[in-house]
Amino acid sequence: MALHVPKAPGFAQMLKDGAKHFSGLEEAVFRNIRACKELSQTTRTAYGPNGMNKMVINHLEKLFVTNDAATILRELEVQHPAAKMIVMASHMQEQEVGDGTNFVLVFAGALLELAEELLRMGLSVSEVIEGYEKACKKTLEILSDCVCSSAKNLHNINEAKSLIRTAVMSKQYGNEDFLANLIAEACVSIFPESGNFNVDNVRVCKILGCGVTASSMLHGMVFKKEAEGDVTSVKEAKIAVFSCPFDCMVTETKGTVLINNAQELMDFSKGEEDLMEANVKAIKEAGATVVVTGGKVADMALHYANKYKLMVVRLNSKWDLRRLCKTVGAVALPKMMAPTPDEMGHCDSVYLTEVGDTQVVVFKHDKEDGVISTVVIRGSTDNLMDDIERAVDDGVNTFKVLVRDKRLVPGGGATEIELAKQITSYGESCPGLDQYSIKKFAEAFEALPRALAENSGVKGSELISKLYSAHHEGNKNMGFDIESDGPAVKDMLEASILDPYLVKYWGIKLATNAAITVLRVDQIIMAKPAGGPKPPQGKKDFDEDD
Amino acid sequence: MDAADRCEQIISLLTLSSCLPVSPSLLQPTPVILLKEGTDTSQGIPQLISNINACQVIAEAVRTTLGPRGMDKLMVDSRGKATISNDGATILKLLDVVHPAAKTLVDIARSQDAEVGDGTTSVTLLAAEFLKQLKSYVEEGLHPQTIIRAFRTATNLAVSKIKEIAVSVKKDDKQEQRELLEKCAATALNSKLIAGQKEFFSKMVVDAVMSLEELMSLKMIGIKKVQGGALEESQLVSGVAFKKTFSYAGFEMQPKRYENPKIALLNVELELKAEKDNAEVRVKSVEACGGSIQTSVGAMTDDVLGQCELFEEVQVGGERYNFFKGCPKAKTCTIILRGGAEQFTEETERSLHDAIMIVRRAIKNDSVVAGGGAIEMELSKYLRDYSRTIPGKQQLLIGAYAKALEIIPRQLCDNAGFDATNILNKLRAKHAQGGMWYGVDINNEDIADNFVACVWEPSIVRINALTAASEAACLILSVDETIKNPRSTMDGPPGGAGRGRGRGRPHAH
């Protein structure tokens, strides 16, 4: 028999068993576009104040009720590789500016949808990409012309409130004035003159019961903990913070104590007790009235703390401990010893109180110059409170963005339509085939006011034609009037519905980038998923459980 | 030859096997898989309707427990433990609801329990009734956000109306305050198993709460259950009582009664250490008598020793109990419940808990409204009148809200076996004539001025119920899509930890 010469194997044969492989326009590009479109359709109905909530049950069976796109996507576990890219873009937006995640998704989805039309028309992928890139660059240039106002004084609560309101509105429509007020107060009170704003300094504490309107804000911190000892309220507190357990020191090495008789045994525990008493006494004598510890509180230590009228609070999270240190200006001591006056923090009042049926310890500053402020959220269900927490986060992030860049553009679809108008005329001035894709890029902007309108039960096309006509008359700030019943337009600057410039800037940039990346792919190769246990999901922060 | 033959075979096998899995995908386009396999999504108005229906089913379960003539439910859990209750929160907790939308109702019942402690059935019923009234509007295609806005307006109006008409009782007059508290406790107990003994228990509950300090920590009221005896044999001990006999050798010889003893509270073993000068009892958890808990036997000074007037060991039912009575600085008390079956005493405990919570709320917040459906009827009338003054869709929706409020008196009548339509007609007429506090009179199958009849509730209970119910209704309305990921089958430590942490819910008792 003649030696068999095997034929050169095809591409598929070169891969491992079970691998999938797709290539070409039809198989790869269109499939990707379809996946992204489907994803953006899910979140599109959640866009804007009238957007609907989604109920997402994640793999741990935790229930989320939200219209925050970032949360929906995080819990959805998107598997499609191309759709994942858009998800990633939206995550970037979340990290960069903290708001406008849905904007990225809807816009990227619209870009891809229109790209499909172009490709079917016969344009090559590279021409579409080139056009999109050009248009994106031009858009970002024009965007700075759209700026209609800028924040003057972020230390003014009323001004901050009106700026935060738009962001909160899209999450909690109906409660926006109330929540924006709380968030503004919280942000302004911790916004130092130096202009260095840290989002982490606005804390949120959720307590079940009552209604949203019972939420409040205070300077200082609130912990869902009980005081350990008998003392439950201290005014003008001097606070000693220990990162170690409030207990006697345990030596690193093991020692053996030989006890010969009963007397020695009694002296042994007595010695320990005396030492503890001396320790606690020293802390008291240093002037401290409140002891905060990061570890366990020994019964013995607690006994002496009660005796010397020290209030003892135990915090489990080391982050909480650090934040508390910052709030009260204390230094966390690693060892149980008497603190120096510098190391002790000060707080106007520390007290145990009951909110709903939850015991909370409150560290409160009377003046408004604290480093940390807390928003106490009340609500009738856990899901509702979670959603409000996200709204608060968005509001705080908006404040942060404004600290970085004070410029504002009109909201309610006004900026989008203005951009669409200008990019269309820019596209017409371009000679090449990319003219088509630039015009489609402009068209993609229409998806946002359209989503706003459709979510409110208004015909999208009707609104968009109205908006265009208003903008052609030179009213750059005309946007969709969400309060009205029909497709009405309103001056967004007067209605003070404003978005930070940076949110739009990054949103457009990231969405375009994601869309282009998806378009660039012409081959998908998926290896067979390996069996075996899943890798642990290490993303969880220590901080999450507070 | 042989070797070459086998070689060829192997090659053909290889190509075959590596070809097969790929070929189907080359022939026909596989559908786009966006989400993880097994993910379940449902969307749109039908989904919303199905959520509303689910909530209705939940409300059905607690509907019949409302009011003095409400029936109890007997539930047997997975471990075979039987519970008899007519407390909405307890029932819903035991039902173990998994439907995501229906869970919201369980949540609000819990929230009501946390905030005010009573009215858990009413809050569930209200939320379900709101949704029921809205169902037709949703089916007609009204945008849920419009409904939500109307509901928020209606709730705000209702809450401010309650605040406006609530009657506040002066705190200065101790006697008057006490009467108020007892009436509130009696109203709360009215709908419970122990309604027959409500005078007895409402007095006891008020006494118990009054003995607490400013913070009114619930933990400072101990409730001990002893089987046997009659309900009326239950007693309140101003101080501490616990089941424990003297626990050292030779205790039989010791007297069982001490007057004005000094008490050392220890939480260390009393084994090797020498005897002290008075009765030594190993105490597990005592925080009364003004003595601080001692960890050391070393420094036994006078100021750490507690005092009480009387210490005795008494037989209660089949158990021996230790009593510390008449403590000078007592900020705590213990209720010893007697009763027949275990389920019965447990339900009594829950009822007392509700009553205690009501009394605590009433102390903090001294305005009251009339119960028995009176306040709901008044609000309903107020909102109906208001709705007629506004144009547009809001009119219909606020009207629907007003109608939904009538569920409370209606259900009260249904549970008592009255003709609900008849009674509601009478009530509506009376309220239209300005009889603000007219509600259902359970005893005479008629209507009566419930304020005069002393059916009082703290206004905060009603305010919270309305807010929570409308928040829940709005939450359910605002959902148009449910996406359910398959439950992960991770069983390693990260999964376990994640599950515990992921829930992150404060477990209210």
Side-chain angles (χ1 to χ4, degrees), chain A residues 1 3-4 6 12-13 17-18 20 31 34-35 38-39 45 50 52-63 65 76-80 83 173-174 208-212 224 230 232 270 273 299-300 303 306-307 356-358 379-384 456-457 533-534 536-537 540 544-545, chain B residues 1 4 8 11 15 17-19 21-22 25 29 32-36 100-101 103-104 107-108 110-111 114-115 143-145 148-149 152 215 267 292-296 298 464 467-468 471-472 475 478-488 490 492 494 498-499 501-506 508:
Chain A
M1 232 187 180
L3 189 70
H4 178 83
Q13 275 104 325
D17 259 9
K20 284 186 209 150
R31 282 171 66 93
R34 215 159 58 228
E38 215 170 288
L39 184 68
T45 50
N50 278 345
M52 299 291 283
N53 284 348
K54 309 282 162 198
M55 207 172 238
V56 183
I57 301 154
N58 74 357
H59 64 113
L60 299 171
E61 298 211 325
K62 182 169 161 64
L63 177 66
V65 181
L76 267 185
E77 298 189 41
V78 175
Q79 277 216 320
H80 194 280
Y173 188 47
L208 188 70
C210 217
V212 176
K224 276 200 244 175
D230 291 349
T232 52
K270 189 158 171 43
E273 284 162 20
D299 288 344
M300 179 88 73
H303 161 63
N306 283 340
K307 186 172 170 185
D357 71 345
T358 317
S380 52
T381 68
D382 291 328
N383 303 316
L384 188 67
S456 321
K534 274 189 197 147
Q537 299 194 316
K540 282 242 163 87
E544 221 175 30
D545 56 350
Chain B
M1 274 303 265
E8 202 177 20
I11 287 170
T15 44
S17 65
S18 58
C19 212
V22 186
S25 69
V32 179
I33 303 167
L34 186 61
L35 301 170
K36 214 164 154 182
K103 248 189 190 158
T104 312
D107 273 357
I108 53 166
R110 234 171 36 141
S111 142
E115 186 70 21
H143 197 281
Q145 292 289 358
I148 291 174
R149 265 172 65 196
R152 286 198 176 133
L215 211 55
N267 63 359
S292 46
I293 299 181
Q294 287 288 323
T295 316
S296 125
N464 197 60
T467 348
E471 266 180 18
L475 193 73
S478 71
V479 175
D480 77 332
E481 184 167 358
T482 308
I483 303 159
K484 191 171 180 353
N485 277 319
R487 191 185 168 83
S488 73
M490 283 191 299
R499 210 165 294 154
R501 181 184 282 173
R503 284 269 164 86
R505 290 192 178 151

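To find a chain, count down the sequence lines: A is the first, B the second, and so on, and within it residues start at 1.
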From [X] atom [atom1] to [Y] atom [atom2], the distance as rounded to the nearest 0.5 Å:
X	Y	atom1	atom2	value
A:Leu384	B:Thr104	CG	OG1	9.5 Å
B:Gln145	A:Ser456	CD	OG	8.0 Å
A:Asp382	B:Ile108	CG	CD1	12.5 Å

Heavy-atom proximity to chain B below 4.5 Å, by part of A:Val65: side chain

Do you know which two heavy atoms are closest between [X] and [Y], and how far apart they sit?
X	Y	answer
B:Ala101	A:Met55	CA-CE, 3.6 Å
B:Ser111	A:Ser380	CB-O, 3.1 Å
B:Arg110	A:Leu208	NH2-CD2, 3.8 Å

Out of A:Asn50, A:Val212, A:Thr45, return the one with the most heavy atom pairs under 4.5 angstrom to chain B. A:Asn50

Using a 4.5 Å cut-off on heavy atoms from C-beta on, say whether the side chain of B:Asp480 contacts that of A:Lys54. yes

Check: B:Asp107/A:Thr381 side-chain N/O donor and acceptor closer than 3.5 Å: no

Side-chain donor or acceptor of B:Glu471 paired with backbone N/O of A:Gly379 under 3.5 Å: no

Residue B:Pro144 versus chain A: region with a heavy atom under 4.5 Å: side chain

